[in-house]
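Here is the structure we will look at, set down as structure tokens.
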Amino acid sequence: MRSVRLFDFISYDADTFQVVAQDGAKLALKSMTTNRIRHVGVAELLGDDSYEPDAADRLPVLDNISVLDSLDQQTRDEALWLYRHVHEIVHGTPPLALFGDTEISLNPDYDQSLPLLQRVSAKANELATSDRPVSARSLRRHVYAYRKEGVAGLVDGRKRRQRNPGREQDARLLDLIKEEIAAQETVSTGTRTRVITRVTVKAKAQGIEVPSKNTMYRLIAAQEKDRHPFGDATLRRTQANRPDRAYGRRSPLRPGELVEIDSTKLDLMVVFPDGTTGRPELTTMIDVATMTPTAAMLFPEATKGIDVAALVLARSLTPLPMQPGWNEELALSRSVLPAGMIEPDETLRAGIAARPLIYPETITIDRGRVYTGSVFQMACERLQISVIPAPPGTPTAKPHIERQFGAVHDGLIQYLRGYVGRSVSRRGEDPSKEAYWTISQVQSLLDQWLVQEWQTKPRKGLTVAAMPKQALSPNEMYAALSGIAPTPAVALTRDDYISLLPMDFRSIQPYGVNYSGIVYDDPALLPLRGQRSGLGGRAKDGWEVRYDPARMNMIFVRDHRQGRWIEAHWQLDDKALAPFSSAVLEAARRAVAKRDSTMPQHKVLEEIIRIQSGLDVSGHERLAARRRTEPSVPALAVMDDDGDREISEPPEAPATKRRTLPDLPDRLL
């Protein structure tokens with residue numbers, strides 16, 4: 001909390017001033033170095049980061065005003081009982097908050113004109129005849145704590161104590177436990193007893209005292225975090241590959257700004273030219289902004305990787321009809337495939353003409369030899385294409401192309417003979433005997449499917465703010481892509497404002513904080529991911545979270561260890577039209593739940609934009625949208641702004657013909 005008074009000495013704008021006069025909302029500041037007078041607005045002065053008063057601690061701190069909400073019921077009742085009597089001692093009357101509309105009778109023994117010690121003695125005599133007597137000495141201690149910290153000073157300190165397993169243990173023992181848990185990453189999964197046994201042997205060899213087994217279990221649990229040392233080995237290795245930094249998300253705003261390229265083994269047994277069967281490699285390059293595959297090629301297992309990357313890059317920059325040999329491959333496939341498998345020329349040519357040709361500006365690659373070879377790197381350098389290597393062992397760095405691989409298998413490959421499934425547990429008896437297709441035939445089917453099905457079908461996540469209700473196809477997204485206006489920032493007195501907001505408790509997961517069904521994240525949460533807060537009571541080792549019901553695009557996480565608030569934004573905040581209220585969020589979630597029980601965030605975003613823009617909304621949703629503009633901050637912190645903006649009805653996108661794979665003959669299925 002900040003304040004300024006007449007004749008105060010303050011530091012402001014790299015100088016020292018004295019407040020010598022006030023005229024309404026203006027202050028006259030006299031520089032102590034130049035003796036010149038400077039006129040500054042009160043709001044401007046208090047909101048400036050360079051302002052420092054001469055006595056920064058003369059005002060109360062609001063950090064603990066919501067302490068009762070974090071306590072269990074028994075501790076809360078005890079604190080409220082003590083608060084009722086201490087308040088009567090200090091102020092002469094019981095607190096109004098505990099009585100509501102009930103009339104309060106004044107006790108002359110606690111009149112403010114009486115000395116404080118006399119009032120304390122009177123209260124001790126009053127409680128002596130009750131079932132909870134308190135001595136005068138204890139009451140004096142409670143009065144002192146109440147004056148210093150407020151209601152928080154009346155809470156039992158044992159209930160507010162933060163748990164820190166291991167603080168009384170030998171630091172060398174904790175290091176041994178950390179080393180042993182870290183060693184579980186590459187070994188087969190064992191039990192905690194195995195870790196205790198190994199740590200005990202090492203500790204005794206070094207002369208370190210080992211606590212009881214129960215204590216060892218608690219110390220191990222405190223070090224596990226989210227590494228899953230005693231769970232599935234595959235999950236443990238995946239967690240170990242997670243980068244040691246906050247999760248990021250890139251949102252390209254124009255076609256070709258960001259392109260991803262990767263390879264995967266196709267879940268299909270095909271017939272190679274030599275008559276053998278096997279699973280080919282599928283290499284795809286996809287534009288993130290429009291979800292358009294600029295190239296998708298199949299290669300036999302024995303093909304050299306250095307040729308793959310250069311060829312894929314070449315095909316991504318060349319339309320299908322202009323690619324040498326493509327017409328011939330299509331003609332061959334048309335002659336050998338059953339009737340109806342290949343669309344007529346005019347239909348297929350129209351789809352190819354509508355497919356955008358995208359020139360990549362930046363390509364994200366993994367560290368395989370396919371992409372780190374000199375040919376591909378030099379080709380990108382020559383074409384002035386930036387190359388971004390993904391971190392080792394992190395497929396999450398290319399999420400869009402990984403999802404596109406799954407769409408290819410679900411939309412096309414699973415309908416073909418020789419499909420092997422995504423894992424051994426889903427595999428048929430002998431898929432190699434079912435292999436029927438050649439690589440060229442599958443390539444023709446894949447090219448046709450991408451042009452006729454993928455490019456014309458609305459895709460998740462492909463929306464623009466002007467058409468929040470309309471999911472666009474990659475072709476439509478390429479035509480309709482536009483920038484999104486940024487949301488205005490709120491400049492308030494930060495810490496005190498946050499302390500007045502509603503409180504809740506949440507765990508901090510590797511992906512961020514899940515609150516109200518959406519995920520919030522910030523790089524500052526990195527040291528806290530997977531850790532217990534040590535807060536008891538209702539927190540149950542969760543972290544304190546504050547939220548503004550009128551602005552649910554961000555939450556504030558309390559890092560009590562460093563005494564700071566971490567501002568975490570919704571992962572899709574930059575795509576929203578404006579900050580949204582909790583009522584808008586709840587209405588959007590209900591609308592999405594009717595169609596999709598998994599509650600995907602991009603669908604929630606679509607509904608939020610629809611409600612905020614006033615497109616086809618119900619009466620309840622219009623009421624929720626109006627509530628988003630109601631300020632929930634102190635009157636001195638913000639200014640009134642009734643400027644509502646109208647968003648006109650956007651033109652409807654052209655209807656797209658959704659096509660499905662034609663029925664295949666029985667001999668091919």
Side-chain angles (χ1 to χ4, degrees), residues 67 70-76 78-79 155-244 393 504-514 525-545 557-563:
V67 64
S70 64
L71 303 174
D72 57 83
Q73 190 61 38
Q74 181 180 357
T75 306
R76 176 189 174 92
E78 293 176 357
V155 180
D156 190 343
R158 294 170 296 181
K159 302 296 184 178
R160 299 172 57 191
R161 186 180 304 161
Q162 300 176 10
R163 296 189 297 272
N164 184 16
R167 64 180 181 275
E168 299 177 355
Q169 302 297 331
D170 193 325
R172 296 176 296 173
L173 177 65
L174 300 180
D175 291 338
L176 290 177
I177 294 177
K178 292 179 182 179
E179 293 175 2
E180 191 61 36
I181 291 180
Q184 305 300 310
E185 176 185 333
T186 57
V187 300
S188 300
T189 303
T191 63
R192 293 174 178 83
T193 305
R194 184 177 71 177
V195 173
I196 294 176
T197 303
R198 293 180 177 178
V199 171
T200 301
V201 173
K202 295 179 182 179
K204 290 182 177 180
Q206 301 179 25
I208 303 174
E209 182 180 355
V210 180
S212 65
K213 181 172 290 187
N214 290 337
T215 302
M216 289 293 291
Y217 277 119
R218 288 194 294 269
L219 296 177
I220 292 174
Q223 298 297 331
E224 289 182 20
K225 299 181 181 179
D226 58 342
R227 291 180 288 190
H228 301 277
F230 309 107
D232 294 339
T234 53
L235 178 59
R236 183 165 62 250
R237 289 191 291 269
T238 300
Q239 296 291 80
N241 286 333
R242 190 172 62 243
D244 188 18
D504 208 336
F505 297 95
R506 287 293 186 273
S507 61
I508 303 179
Q509 301 295 334
Y511 52 80
V513 179
N514 190 329
L525 294 176
L526 178 61
L528 309 180
R529 298 182 192 274
Q531 295 191 21
R532 300 178 180 180
S533 66
L535 300 177
R538 191 166 66 90
K540 297 181 180 179
D541 277 324
W543 294 87
E544 181 181 352
V545 172
V557 182
R558 177 69 173 174
D559 183 1
H560 54 268
R561 299 174 182 175
Q562 298 187 19

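Below, all heavy atoms of this structure are taken into account, side chains as well, without hydrogens, waters or symmetry copies.
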**OP:** Could you please spell out the steps behind the side-chain hydrogen bond (donor to acceptor under 3.5 Å, both in side chains) verdict for T197 and R194?
**Re:** CA-CA 5 Å; T197 303; R194 184 177 71 177; over 6 Å; no

**OP:** Give the C-alpha distance, both sets of side-chain angles, the deciding distance and a yes or no for side-chain hydrogen bond (donor to acceptor under 3.5 Å, both in side chains) between T193 and Y217.
**Re:** CA-CA 9 Å; T193 305; Y217 277 119; 3.2 Å; yes

Original post:
Run the side-chain contact (heavy atoms from CB on, under 4.5 Å) check on Q73 and E78 step by step: do they pass?
Top reply: CA-CA 9 Å; Q73 190 61 38; E78 293 176 357; over 6 Å; no

Subject >> Evaluation steps, side-chain contact (heavy atoms from CB on, under 4.5 Å), between V210 and M216 >> reply: CA-CA 8 Å; V210 180; M216 289 293 291; 4.2 Å; yes

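The CG atom of L176 lies 5.0 Å from the CD1 atom of I208; values are rounded to the nearest 0.5 Å. Between atom CG of residue L528 and atom NE2 of residue H560 there is a gap of 8.5 Å, rounded to the nearest 0.5 Å. With rounding to the nearest 0.5 Å, the separation of CZ in R538 from CZ in R76 is 9.0 Å. Considering CG of D175 and CD of Q206, their distance stands at 9.5 Å, rounded to 0.5 Å. Note that CD of E179 is 13.5 Å distant from CZ of R198, once rounded to the nearest 0.5 Å.
Using a 4.0 Å cut-off between a side-chain N of Lys or Arg and a carboxylate O of Asp or Glu, R172 and D170 qualify as a salt bridge.
Every side chain to side chain donor-acceptor pair (under 3.5 Å) that E224 has, sequence neighbours left out, goes to R192. Shown here are the side chain to side chain donor-acceptor pair (under 3.5 Å) partners of T191, two or more places apart in sequence or in another chain: there are none. Residues satisfying the side chain to side chain donor-acceptor pair (under 3.5 Å) test with N514, not counting sequence neighbours, are none. Legend: residues meeting side chain to side chain contact (heavy atoms under 4.5 Å, CB included) with S507, ordered by chain and number and at least two apart, are Q509. With sequence neighbours left out, the side chain to side chain donor-acceptor pair (under 3.5 Å) criterion links T200 to no other residue.
Closest heavy-atom contact between P229 and T189: O-CG2, 4.3 Å. Nearest heavy atoms, F505 versus G542: CD2-O, 4.1 Å.
A donor-acceptor pair is defined here as one N or O able to donate and one able to accept, closer than 3.5 Å; such a pair exists between the side chain of D541 and the backbone of G534. Judged by distance alone, the side chain of R529 and the main-chain N or O of P510 form a donor-acceptor pair under 3.5 Å. Of the possible donor and acceptor atoms, none in the side chain of W543 sits under 3.5 Å from a partner among the backbone N and O of L535.
In this structure, L525 and D559 have side chains that are not in contact, with every pair of non-hydrogen atoms separated by 4.5 Å or more.
Annotation: salt bridge (Lys or Arg N to Asp or Glu O under 4.0 Å) contacts involving residues 200-216, sequence neighbours excluded, comprise E180-K202.
When I177, V199, T215 are each tested for a side chain to side chain contact (heavy atoms under 4.5 Å, CB included) with I220, only one passes: I177.
Counting heavy-atom neighbours within 6.0 Å of R532 CZ, excluding the residue itself, gives a total of 12 or less.
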